[in-house]
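These notes concern the structure reproduced below.
Proteins come first, then strands; the chains are lettered A, B, ... in the order of their sequence lines, and each starts at number 1.
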Number of protein chains: 2
Amino acid sequence: MVTLAEVAQHAGVSASTVSYVLSGKRSISATTRQRVERSIRELGYHPNAGARALASSKSNIIALMVPLRTDMYVPVMMEIAIAVATCARTHGYDVLLLTGEEGPDAVRRVAGSGLADGMILMDVELDDERLPLLRATDQPSVLIGLPADTTGLTCVDLDFRATGALCVEHLAKQGHQDIAVIGEAPAVYERHTGFAERTLDGLRSRSRELGVRLLHRPCEGGYDAMAVTLARILDERPGTSGIIVQNESAVEPLLALLRQQGRAVPEDVSVVAICPDQVAMQASVRLTSVAIPAQEMGRHAVEHLVAKLEGRGSDDVVLIAPELTVRTSTGPAPSRS
Amino acid sequence: MVTLAEVAQHAGVSASTVSYVLSGKRSISATTRQRVERSIRELGYHPNAGARALASSKSNIIALMVPLRTDMYVPVMMEIAIAVATCARTHGYDVLLLTGEEGPDAVRRVAGSGLADGMILMDVELDDERLPLLRATDQPSVLIGLPADTTGLTCVDLDFRATGALCVEHLAKQGHQDIAVIGEAPAVYERHTGFAERTLDGLRSRSRELGVRLLHRPCEGGYDAMAVTLARILDERPGTSGIIVQNESAVEPLLALLRQQGRAVPEDVSVVAICPDQVAMQASVRLTSVAIPAQEMGRHAVEHLVAKLEGRGSDDVVLIAPELTVRTSTGPAPSRS
DNA sequence: ATAGGTTGTCGAAGCGCTTCGATACCGAAT
DNA sequence: ATTCGGTATCGAAGCGCTTCGACAACCTAT
């Protein structure tokens with residue numbers, strides 16, 4: 001293992017000079033710099049992470065806390081995680097993967113040990129138990145998701161309220177009067193995951209404004225649960241001509257069931273999904289959808305955190321504006337006959 | 001930030017004593033130990049990761065390199081990653097998330113900087129460019145997946161050869177004579193991802209042994225591609241009564257298409273999937289399947305790596321035996337009429 | 001009673017790096 | 001000629017921890 005001292009000796013300079021060449025924190029003459037850089041290359045030098053962390057009290061590591069559950073939004077979570085890792089690297093940071101399992105303890109451990117310079121939390125609940133700790137330790141952090149109380153916190157999320165509104169608007173504009181919403185599993189609403197409630201809020205208030213009827217039903221996802229949910233919806237509101245789905249694992253079952261019942265999409269029923277673009281495009285019908293911008297969220301989170309770590313950050317809430325992409329699953333409402 | 005020295009002072013002992021209490025590397029009297037532990041608790045002491053890494057030249061971090069692609073086996077990858085993180089924690093290790101993006105450079109960087117004590121590589125290709133480096137730097141590592149040449153490497157994977165054989169066996173035993181295999185996307189075979197070829201190998205040799213006809217077709221996944229692939233298969237082998245799918249994103253489209261064509265599962269066609277249990281159970285038909293044991297693979301990988309790091313490891317290849325779970329998508333072959 | 005072995009504790013020497021003066025040199029301004 | 005502000009470099013002091021050798025204090029077998 002090559003050390004700074006060896007590089008210094010090889011280049012005929014002092015250790016501190018090499019360090020300054022590396023960090024650029026003091027001016028170094030061009031000739032010296034080149035000599036040092038050459039030695040670094042020739043010896044294949046890599047600075048030792050531990051020593052660096054100790055001396056500078058910065059680890060250049062960002063901790064990313066992902067939910068332990070693997071039963072929901074898996075592709076989204078994965079995409080965010082990868083975006084975070086990739087983006088962090090471009091800023092010179094590595095990413096430490098923490099699972100939700102340890103819960104608040106992980107926050108304590110990471111903050112206490114100086115393992116990471118800051119952390120990004122995913123799957124934040126409305127009243128998350130990690131938040132008090134985060135505030136108390138003033139650990140630089142960014143949340144992906146929106147808790148109930150955001151004071152003193154930096155958050156990034158899709159504007160789910162606007163997302164809901166946008167979906168209703170799109171359908172209403174096409175003349176749909178009776179709209180059904182197939183939501184996440186009941187457990188999600190019970191856990192108060194925020195995004196689900198905000199979406200619902202947007203859906204409801206916009207439909208009220210536009211004077212369309214809205215029926216919301218949570219759904220476990222999967223074929224059987226979807227069958228039951230859909231039957232109930234059509235029973236209660238036979239005139240339903242627009243459906244909004246916010247549940248990845250309900251999308252394909254829904255389409256299969258509609259097909260099976262002889263309801264054509266979009267001639268008889270229009271479907272709007274809130275899901276990653278990939279899901280919308282891979283489905284058996286190209287779905288009109290509002291994308292969940294996983295990459296963008298990951299990138300934003302990292303950039304905000306890095307800004308904080310460099311002292312130019314601020315606490316604020318970034319809501320990404322939703323974008324609705326029209327594909328072939330929505331069209332004008334069938335004329336009422 | 002509380003330091004070791006402060007704990008020592010508070011407990012009225014020397015710093016080294018505290019260190020030995022923490023590490024257990026030398027015997028400490030019960031009374032002293034308790035006094036120290038109390039001080040640690042009272043002061044809320046957390047050892048500094050950087051200092052520890054520097055002094056002991058062990059970071060207690062495992063690097064996990066995940067593929068950058070988010071278009072394949074996402075749930076499996078995620079599950080493995082989470083299993084790795086969770087299991088690593090039980091052994092006192094944290095996990096550093098590296099994306100495939102940096103490629104071999106990441107190996108160099110991590111090995112050189114002492115950032116991680118060892119690494120786990122996912123999505124290993126038959127002739128992976130990271131392998132030479134791994135061998136050269138004798139970086140402790142474990143691969144998830146099987147490269148062409150495993151000398152000097154430790155690998156963990158599902159025994160895909162046996163998996164293929166098992167699927168054929170199950171169908172053959174039920175009297176199916178004409179079996180179709182819907183495989184991964186052509187790109188996967190071109191990339192020589194190993195597992196696909198090994199599965200195919202198992203499928204082919206077992207079907208030869210059992211005297212059943214086998215037709216293998218790669219498939220992009222998604223509804224449209226599946227429609228084309230299925231049509232071709234049924235055109236070429238109208239008598240096909242058993243289908244084996246190894247492609248998560250083809251499963252649901254396949255079932256939808258069969259339903260649409262009036263082919264009942266399992267009365268007319270039996271379907272066996274090679275996929276995570278969750279996919280098999282959430283599908284519109286409970287699928288008979290061979291599970292991809294993501295958790296187990298992650299756990300194995302960590303345990304092997306930890307063993308290596310503690311000096312009791314050995315280079316070997318662990319192939320996890322496949323298990324076929326019979327659900328409701330397979331049954332006796334329809335009588336030939 | 002003495003040598004020999006345990007057991008429990010301490011002090012000090014680093015691990016490889018960053019960073020803060022201090023120093024030496026240069027040209028420009030007085 | 002002297003002073004001043006810059007620039008380029010060095011030396012040394014730590015960062016917080018681990019670990020090794022030393023050393024008391026004690027127990028046991030002779």
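The CD atom of A/Glu6 sits 10 Å away from the C1' atom of C/dG16 (whole-angstrom rounding). Taking atom CE on A/Met1 and atom P on C/dC15, their separation rounds to 13 Å, with Å as the unit. A straight line from CG of A/Leu4 to C1' of C/dG14 spans 16 Å, rounded to a whole angstrom. Going from atom OH of B/Tyr45 over to atom P of D/dG16 covers 10 Å, rounded to whole Å. If you measure from atom NE2 of B/His46 to atom C1' of D/dC17, you get 16 Å, rounded to the nearest angstrom.
For A/Glu125, the CD atom sits in a packed shell: over 12 heavy atoms of surrounding residues, nucleotides or ligands are nearer than 6.0 Å.
At distances below 3.5 Å, not a single donor-acceptor pair connects side-chain atoms of B/His10 with backbone N or O atoms of B/Glu6. Between the B/Asp117 side chain and the B/Ser59 main chain, a donor and an acceptor come within less than 3.5 Å of each other. In this structure a side-chain-to-backbone donor-acceptor pair under 3.5 Å is missing from B/Thr99 to A/Ala85.
When distances run from any side-chain atom of A/Asn48 to the nucleotides D/dG16, C/dC17, D/dC10, the shortest one goes to C/dC17. Nearest nucleotide to the B/Ser16 side chain, out of C/dA12, D/dT9, C/dG16: C/dA12. Nearest nucleotide to the B/Leu54 side chain, out of C/dG16, D/dC17, C/dT19: C/dG16.
A/Thr3 comes within 4.0 angstrom of the backbone, heavy atoms only, and of no base.
For the pair B/Thr86/B/Gln295, no side-chain contact is recorded, criterion being any heavy-atom separation below 4.5 Å from C-beta on.
Heavy-atom nearest nucleotides on DNA chain D were determined for B/Thr17 and for A/Ser56, and the one closer to the 5' end corresponds to A/Ser56. In this structure, B/Gly12 and A/Arg52 both approach DNA chain C, and ranking their closest nucleotides by distance from the 5' end singles out B/Gly12.
Residues from residues 25-41 of chain A placing a heavy atom under 4.0 Å of any atom in DNA chain C, listed by number, are A/Lys25, A/Arg26.
Checked for salt-bridge contact, B/Arg89 and A/Glu101 miss the test: no charged N lies under 4.0 Å from a carboxylate O. Look at A/Arg135 and A/Asp149 and you find a salt bridge, because one of the NZ, NE, NH1 or NH2 atoms lies within 4.0 Å of a carboxylate O, short of that distance.
Side-chain atoms of A/Tyr20 come within donor-acceptor range of the base of C/dC20, with a qualifying N/O pair under 3.5 Å.
Proximity of A/Ser19 to the phosphate of C/dT18: a side-chain N or O atom is located under 4.0 Å from OP1 or OP2.
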